[in-house]
K.L.:
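Mind having a look at this structure? Questions to follow.
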Amino acid sequence: MVILFQTKPSLLAGGVVAGPLENRSVFSQYFDSVYDDERWQMKTNEQGHRKMIEEACEYAMKKMGVQKGDIDYLMGGDLVNQMTPTNFAARDLEIPFIGLFSACATSVSSVIIACLLTELGAANFSLAGASSQHNAIERQFRYPINYGAQKPQTAQWTVTAAGYALIGKHREEYPSIEAATIGKSVDYGMDDPFHMGAAMAPAAFQTIQSHLQQRNQKIYHYDLILTGDLGQLGLKLLKGMLVENGVKNEELTLLRDAGAEFYGQDEAFQSGASGAGCSAAVFFSYVIQQMRAGSYKRVLLVATGALLSPLSYQQGETIPCTAHAIEITMK
C-alpha cells in the first residue's frame, strides 16, 4: 500500500561517516568523514559502531544548526544482536528513541516512520537512519574475519558506515518525501547467506512494481531508481524480472544499485557492498547532494533487507526479505 504524504516532509540534511576501506568507495567524496580506524579508537567493534552513529547524527544536526534538544525522535537500527550499537548511541544522544529492524532496509523504514510522525504534527525534527560495521557483522552472520574464510563471487562486503537523515516539516528548497511503499516479507526459498542479492531481488521487484502501479507511474517518470544493496548479481536479476514484466531495456539505465556501485569495479569486494550502512551512506549523502544540485528532480529510493538471523540459518530456514521505498522530489 502506498502512503501519500500530504504535507510532504523534507529531507533537510544527511550525516554520513565511514571506515577506512570505504575511502575506496566511488561515493566517498560525498561522505562527511572517513576514519582510518574501523573501531573509532574504541576497544571493541561495537563501541566503534556506536561512535559512528553518534557522529553521523551530529553531522546532520550541525548542517541545519539544530541541537539534540531540538530533535523530537531518533529512529534507527543496525544488524548487531538486539541493535546494541544503536541502542547505546541513543543512550548517549538522549533523544526519544524508536529502535527499528528491517535489516538493510532500515535506512528507508526509519525515514517512513519519521515522515508519518511529521505528518501527524508529532515531530518538528527527527533523525532517521541505519548503520553497519564490517567486523562485527561478519562475525555475527558469517565467520570472524581472523578465520580467513574464503567467499564465493556471489558474496558481498559489509560496509562500515552510518548514515542518518534529518527529517522536518516541508521546505521548498529541500528534497521532500511525497510517497512511500512499505514492502511485504518475500521468500523465494533462498538459503545461502553468501548470495543475498538473489534473495533480495524479488522483494525489490515487488515493491518497485507495487509503487509504480499504485502511483500510476512508469520507470521513466523518475530520474533515478536506486536500490540499496542488491550487489551486481542481484541488480542483474532485478533487471531481468522487470524486463520479463514489460519494462523496456532503455528504461533500465535509470535503475541503479548502491551496493553494486559502492566499491566500483574492485573485484576484491566480490559482488559489491552490503550492510545497513550501505544504502544509508549513499542515500543520505550522494542522493541528497545531487538533488540539491539539481541533477535529479524525482528519485525512488528502495532499501532492501534480508530478514535472516544466525539462529534461523542454523535451523535450516530460508531467507525472507523485504524492500521499502520512498519517493523524493525536488523543485
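This is a predicted model, so every value here is computed, not measured. Just the heavy atoms: all of them, side chains too, but no hydrogens, waters or symmetry mates, feed the values below.
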K.L.:
With the threshold set at 4.0 Å, does a side-chain nitrogen-carboxylate oxygen contact exist between D32 and K63?
P.N.:
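Counted as a salt bridge, because a side-chain N and a carboxylate O are separated by less than 4.0 Å.
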K.L.:
Consider only side-chain N and O atoms of D257 and T227, and report whether a donor and an acceptor are under 3.5 Å apart.
P.N.:
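Their side chains do contain a donor-acceptor pair, which is all the 3.5 Å distance test asks for.
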K.L.:
Would you say the side chains of D187 and T318 form a donor-acceptor pair under 3.5 Å?
P.N.:
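A donor-acceptor contact under 3.5 Å links the two side chains.
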K.L.:
How about S210 and Q214: does a side-chain donor come under 3.5 Å of a side-chain acceptor?
P.N.:
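Yes, side-chain donor-acceptor contact under 3.5 Å.
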K.L.:
Ignoring hydrogens and geometry, is there a side-chain-to-backbone donor-acceptor pair from S132 to V159 under 3.5 Å?
P.N.:
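Here the side-chain-to-backbone pair exists.
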K.L.:
Kindly indicate whether the side chain of N245, heavy atoms from C-beta on, has any atom under 4.5 Å from the side chain of F205.
P.N.:
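With C-beta onward as the side chain, the pair touches.
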K.L.:
With W157 as reference, evaluate F262, F269, F194 under the ring-ring contact (aromatic ring centres under 6.0 Å, His included) test and give the passing residue.
P.N.:
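The single option meeting the ring-ring contact (aromatic ring centres under 6.0 Å, His included) with W157 is F269.
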K.L.:
For D229 and T304, test the side chains for any donor-to-acceptor distance below 3.5 angstrom and give the result as yes or no.
P.N.:
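Judged by distance alone, the side chains do pair up.
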K.L.:
I'd like to know if the side chain of D72 and the backbone of S126 have a donor-acceptor N/O pair within less than 3.5 Å.
P.N.:
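Side chain of D72 to backbone of S126: no pair is present.
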K.L.:
Closer than 3.5 angstrom, by distance alone: can the side chain of E38 be matched with the main-chain N or O of T160 as a donor-acceptor pair?
P.N.:
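Checked: no pair found.
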K.L.:
Under a 3.5 Å distance rule, please check whether T158 uses its side chain to pair with a backbone N or O of G275 as donor and acceptor.
P.N.:
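Side chain of T158 to backbone of G275, a donor-acceptor pair under 3.5 Å: no, none is there.
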K.L.:
Cut-off 3.5 Å, side chains only: do S274 and Q156 have a donor facing an acceptor?
P.N.:
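Side chains of S274 and Q156: no pair found under 3.5 Å.
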K.L.:
Inspect the contact between K51 and E58 and indicate whether a charged nitrogen and a carboxylate oxygen are less than 4.0 angstrom apart.
P.N.:
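A salt bridge is absent here (no side-chain N lies under 4.0 Å from a carboxylate O).
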K.L.:
Is a salt bridge present between E173 and K331, judged by a nitrogen-to-oxygen distance below 4.0 Å?
P.N.:
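Between K331 and E173 there is no salt bridge, as every charged N stays at least 4.0 Å from the carboxylate O atoms.
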K.L.:
Inspect the contact between R50 and E54 and indicate whether a charged nitrogen and a carboxylate oxygen are less than 4.0 angstrom apart.
P.N.:
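Result for this pair is yes, salt bridge flagged.
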K.L.:
Please determine, by modelled atom types, if T329 and E178 share a side-chain donor-acceptor pair under 3.5 angstrom.
P.N.:
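Side-chain D/A pair, T329 to E178: present.
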K.L.:
What do the steps show when you test R39 against T44 for side chain to side chain contact (heavy atoms under 4.5 Å, CB included), and what is the final call?
P.N.:
CA-CA 6 Å; R39 291 183 178 178; T44 69; 5.8 Å; no
K.L.:
Are the charged groups of R256 and E261 less than 4.0 angstrom apart, N to O?
P.N.:
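Yes, charged N to carboxylate O under 4.0 Å.
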K.L.:
Determine whether a donor-acceptor pair (N or O, by modelled atom type, separation under 3.5 Å) exists between the side chain of S10 and the backbone of L12.
P.N.:
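A pair under 3.5 Å: no.
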K.L.:
Do you see a donor-acceptor pair shorter than 3.5 Å between the side chains of N87 and Q82?
P.N.:
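Note: N87 and Q82 side chains miss the donor-acceptor criterion.
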K.L.:
Regarding T207 and H324, do their side chains bring together a donor and an acceptor under 3.5 Å, going by distance alone?
P.N.:
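No donor-acceptor contact under 3.5 Å links the two side chains.
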K.L.:
Is there a donor-acceptor pair closer than 3.5 Å between any side-chain N or O of H211 and the backbone N or O of I208?
P.N.:
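No, the answer is negative, given that no donor and acceptor are paired below the 3.5 Å cut-off.
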K.L.:
We want to know whether Y263 and E22 form a side-chain donor-acceptor pair, criterion being a heavy-atom distance below 3.5 angstrom.
P.N.:
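Yes.
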K.L.:
Check for a donor-acceptor pair, side chain of S295 on one end and backbone N or O of M291 on the other, with a separation under 3.5 Å.
P.N.:
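Checked: no pair found.
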K.L.:
State whether a side-chain donor-acceptor pair under 3.5 Å links H170 with T7.
P.N.:
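Their side chains do not contain a donor-acceptor pair, so the 3.5 Å distance test is not met.
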K.L.:
Distance alone, cut at 3.5 Å: any donor-acceptor contact between the side chains of E327 and Q217?
P.N.:
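Indeed, the side chains of E327 and Q217 share at least one donor-acceptor pair under 3.5 Å.
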K.L.:
Show your reasoning for whether side chain to side chain contact (heavy atoms under 4.5 Å, CB included) applies to I219 and K248.
P.N.:
CA-CA 9 Å; I219 287 179; K248 297 178 181 178; over 6 Å; no
K.L.:
Please evaluate residues V17 and F31 with respect to the criterion side chain to side chain contact (heavy atoms under 4.5 Å, CB included), reporting the C-alpha separation (whole Å), side-chain torsions for both, the decisive distance (0.1 Å), and the verdict.
P.N.:
CA-CA 6 Å; V17 298; F31 301 162; over 6 Å; no
